Amino acid sequence: MSVQKPSIPQGTRDFGPAVVARRNYIFGVIRRVFEKFGYAPLETPTMENLSVLTGKYGEEGDQLLFKVLNSGDFLNKKNAAVTAEDLEAGSRKVLPKIAEKGLRYDLTVPFARYVVMNRGTLTFPFKRYQIQPVWRADRPQRGRYREFYQCDADVVGTDSLLCEAEIVLMMSEVLNTLGLTEHTIKINHRRVLGAFYQALGGEGTEVDLFTAIDKLDKIGQDGVTRELLERGFSEASVARLFELLSVQGSFAEKLQQLQSAFAAAQVPTEADGSYKGLQELGRVQQLLQDFGFTHFDHLEFDPTLARGLSYYTGCIFEIKINNVNMGSVSGGGRYDNLTGAFGLPGVSGVGFSFGVDRLYDCLEELNLFPEAVATTTRCLLASFDLENSRQLLPILRQLREAGVAAELYPDEAKLGKQFKYADAKGIPYVLLQGPEEQAASQFKLKELSTGQEQLLGWNAVLDALTK
RNA sequence: GUAGAUAUAGCUCAGCUGGUUAGAGCGUCGGAUUGUGAUUCCGAAGGUCGUGGGUUCGAGCCCCAUUAUUUACCCCA
């Protein structure tokens with residue numbers, strides 16, 4: 001039998017020790033911010049029933065679900081789960097009979113399911129964060145993986161715009177703590193997009209309009225124009241749209257300009273004469289100001305921001321790192337009827353998600369990972385021979401009892417090899433006690449970064465390693 | 001699903017219009033140094049050139065197929 005080359009599935013990765021340490025650093029920053037804002041941790045199963053997942057992400061999303069094959073021989077003649085007629089009818093008919101579970105596609109839908117299942121025991125408003133991997137059967141490419149981590153924070157059970165404001169605060173704090181200062185937090189409102197659609201007089205479909213608008217910064221005005229004309233919008237409407245989108249200036253100025261533009265286009269208002277989308281965006285900005293938010297230069301009202309997920313109904317968010325060519329590292333928004341699909345209507349939720357894998361790629365490209373964090377071992381005990389190793393074992397124990405991460409080189413090897421090992425692993429100290437030191441009842445401690453060696457008594461060694 | 005690119009040592013890559021025994025850097029291992037890493041010097045191991053077929057006196061190089069990887073579109077974190 002020939003030896004096969006090992007491999008891992010497309011779009012998945014191994015994470016070596018150094019990478020895990022740096023990923024944990026990112027997780028730690030995000031977790032601390034979430035907890036500081038009062039969010040509690042939640043974990044849900046890797047697998048959900050397909051009935052929970054399907055139909056929540058649109059037709060494309062359903063195709064990107066990883067399905068888990070049922071156990072058992074479903075083609076067995078007796079008690080066959082799949083009949084000849086099923087096979088005749090095609091995969092649509094066969095699939096539900098051979099797969100009833102799937103890997104989670106995001107963290108929001110499992111969260112909604114959890115809320116509905118536990119509604120009796122939860123205290124509302126319920127704030128939860130969740131840091132777990134999700135899977136998508138996508139074509140991998142730059143910044144896109146088939147298995148990746150999301151870090152979600154969501155609130156359900158309140159309409160308060162304070163939640164939206166706090167999302168901006170959390171986004172800003174995480175990015176600044178990580179050193180990703182060249183970022184833009186983009187915010188828009190689904191009802192603003194809706195108003196655009198109304199201002200154009202009801203041609204085409206909302207979805208076509210929104211997905212086209214969303215691409216503006218990517219394919220430019222010409223590209224968007226071409227796409228809209230193909231989708232049945234008139235040239236006059238497209239011209240009108242770009243007039244509306246051309247608003248300039250500060251957050252407040254853009255709101256003001258759109259207010260007048262919508263009125264001029266006779267877009268219907270709420271009973272109180274306002275446009276809800278614009279009004280809510282204004283309130284969020286006001287709340288941030290009252291809180292003392294200081295990074296308004298990184299917050300942008302972007303009327304072209306659309307985002308694909310169809311369930312957003314209020315504010316929508318997205319983060320772009322400006323000095324790295326990478327898709328968005330975070331996104332989110334409000335959904336008025338999050339739990340409706342599971343039989344609990346009228347519960348509003350708002351939340352957002354960080355993509356750790358993309359954040360990692362950004363930090364690496366910009367060289368923003370702090371030094372250190374690499375190895376856990378602080379001190380390597382080097383030995384001269386087996387007898388010496390035996391004598392070092394109690395020393396090893398005492399170091400560990402003192403809380404010093406320490407290891408003894410397990411094989412009989414030359415000192416050079418042992419030092420090389422420490423160096424390669426990033427271990428800062430090497431401790432040894434050969435015949436010379438033993439005679440003097442002392443130890444030799446070498447700090448690899450400086451190359452300095454000291455002859456020390458046991459207490460001094462402990463001092464040096466625990467300080 | 002659509003389109004392009006790539007595949008040569010553990011890693012990153014050279015390899016001329018097709019011509020002897022396929023190279024470099026890094027890494028690994030050994031030695032210079034049987035009590036000292038990162039630095040220096042010397043040496044060694046390591047390749048069915050992704051796989052299968054074809055053209056040719058001769059193929060890492062040309063042609064066809066196939067697989068894998070990767071980039072872009074769609075969509076998204």
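Letters A, B, ... mirror the listed sequences (proteins, then strands); counts begin at 1. Hydrogens, waters and symmetry mates play no part in the numbers below; they use all other heavy atoms, side chains included. What you are looking at is a predicted structure, and each value in this text was computed from that prediction instead of being measured.
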Without decimals, in angstroms, what is the distance between [X] [atom1] and [N] [atom2]?
X: Y145(A); N: U69(B); atom1: OH; atom2: P; result: 15 Å
X: H183(A); N: A77(B); atom1: NE2; atom2: P; result: 19 Å
X: L65(A); N: C76(B); atom1: CG; atom2: C1'; result: 14 Å
X: R142(A); N: U71(B); atom1: CZ; atom2: C1'; result: 10 Å
X: Q132(A); N: A77(B); atom1: CD; atom2: P; result: 17 Å
X: Y105(A); N: A77(B); atom1: OH; atom2: P; result: 7 Å
X: L64(A); N: A77(B); atom1: CG; atom2: C1'; result: 13 Å
X: D138(A); N: U71(B); atom1: CG; atom2: P; result: 12 Å

Can you list, pair by pair, the side-chain donor-acceptor contacts under 3.5 Å of residues 39-48 of chain A, counting residues two or more places apart and other chains?
residue, atom, partner, partner atom, Å
T44(A), OG1, Q130(A), NE2, 2.9
E48(A), OE1, R113(A), NE, 2.8
E48(A), OE2, R113(A), NE, 3.3
E48(A), OE2, R113(A), NH2, 3.0

What nucleotide among U70(B), A72(B), A77(B) has an atom nearest to a side-chain atom of Q10(A)?
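For the Q10(A) side chain, the nearest candidate turns out to be U70(B).
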Describe the nucleic acid contact of [X] in one word from base, sugar-phosphate, nothing, applying a heavy-atom distance below 4.0 Å.
X: Y149(A); value: nothing
X: R358(A); value: base
X: S330(A); value: sugar-phosphate
X: G61(A); value: nothing
X: K215(A); value: sugar-phosphate

Roughly how many Å apart are [M] and [N], using the [atom1] atom of each and rounding to a whole number?
N: C29(B); M: U2(B); atom1: P; result: 47 Å
N: U36(B); M: U51(B); atom1: P; result: 46 Å
N: G53(B); M: A59(B); atom1: C1'; result: 13 Å
N: U40(B); M: G50(B); atom1: P; result: 33 Å
N: C13(B); M: A7(B); atom1: P; result: 10 Å
N: U67(B); M: G52(B); atom1: C1'; result: 10 Å
N: G47(B); M: G60(B); atom1: C1'; result: 11 Å
N: G15(B); M: A9(B); atom1: P; result: 15 Å

Tabulate protein N/O versus nucleotide N/O from nucleotides 3-7 of chain B, keeping only pairs under 3.5 Å, one per line.
none

Taking side chain to side chain donor-acceptor pair (under 3.5 Å) as the definition, give me every residue that meets it alongside [X], ordered by chain and number, with sequence neighbours left out.
X: R139(A); value: none
X: R378(A); value: none
X: Q150(A); value: none
X: Y421(A); value: E407(A), K425(A)

Dump the intermediate steps for side chain to side chain donor-acceptor pair (under 3.5 Å) on Q391(A) and Q438(A), then the final yes or no.
CA-CA 10 Å; Q391(A) 292 162 348; Q438(A) 245 166 31; 2.6 Å; yes
Please list all pairs passing the salt bridge (charged side-chain N to carboxylate O under 4.0 Å, His left out) test where one or both residues lie in residues 408-423 of chain A, with sequence neighbours left out.
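Non-adjacent pairs meeting salt bridge (charged side-chain N to carboxylate O under 4.0 Å, His left out): zero.
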Quick one: do the D214(A) and T211(A) side chains pair a donor with an acceptor below 3.5 Å?
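No pair is found: no donor N or O on one side chain lies under 3.5 Å from an acceptor on the other.
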Using a cut-off of 4.0 Å between protein heavy atoms and nucleotide atoms, how would you tag nucleotides 27-37 of chain B 5' to 3' with B, S and -?
----S---BBB
Pairing pattern in dot-bracket form [Watson-Crick, G-U; both distances under 3.5 Å; | = partner strand] for RNA chain B
(((((((..((((.....[...)))).(((((.......))))).....(((((..]....))))))))))))....
Enumerate donor-acceptor pairs with a distance under 3.5 Å from any side-chain N or O in residues 453-467 of chain A to protein atoms, sequence neighbours excluded.
residue, atom, partner, partner atom, Å
W458(A), NE1, Q398(A), OE1, 3.4
T466(A), OG1, L462(A), O, 2.6

Do the ring centers of F296(A) and F293(A) come within less than 6.0 Å of each other?
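For F296(A) and F293(A), the ring centres are under 6.0 Å apart.
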Under 3.5 Å donor-acceptor pairs involving side-chain atoms of residues 327-336 of chain A, not counting sequence neighbours:
residue, atom, partner, partner atom, Å
S330(A), OG, S353(A), O, 2.8
R334(A), NE, E164(A), OE2, 2.5
R334(A), NH1, T158(A), O, 2.9
R334(A), NH1, S348(A), OG, 2.6
R334(A), NH2, S160(A), O, 3.1
R334(A), NH2, E164(A), OE1, 3.0
R334(A), NH2, E164(A), OE2, 3.3
Y335(A), OH, D154(A), OD2, 2.3
D336(A), OD1, T313(A), OG1, 3.4
D336(A), OD2, T313(A), OG1, 3.3

Any side-chain N or O of Q141(A) less than 4.0 Å from the OP1 or OP2 oxygen of U70(B)?
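The answer is no; no side-chain N or O of Q141(A) sits under 4.0 Å from OP1 or OP2.
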Walk me through whether S51(A) and N49(A) qualify under side chain to side chain donor-acceptor pair (under 3.5 Å).
CA-CA 5 Å; S51(A) 57; N49(A) 289 323; 5.0 Å; no
Tell me which donor-acceptor pairs under 3.5 Å the side chains of residues 174-184 of chain A have, and how far apart each pair is, sequence neighbours excluded?
residue, atom, partner, partner atom, Å
N176(A), ND2, S172(A), O, 3.0
N176(A), ND2, S172(A), OG, 3.3
T177(A), OG1, E173(A), O, 2.6
H183(A), ND1, L180(A), O, 2.7
T184(A), OG1, N322(A), OD1, 3.3
T184(A), OG1, N322(A), ND2, 2.9

Between G355(A) and I8(A), which residue's closest nucleotide on RNA chain B lies nearer the 5′ terminus?
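Upstream on the strand: I8(A).
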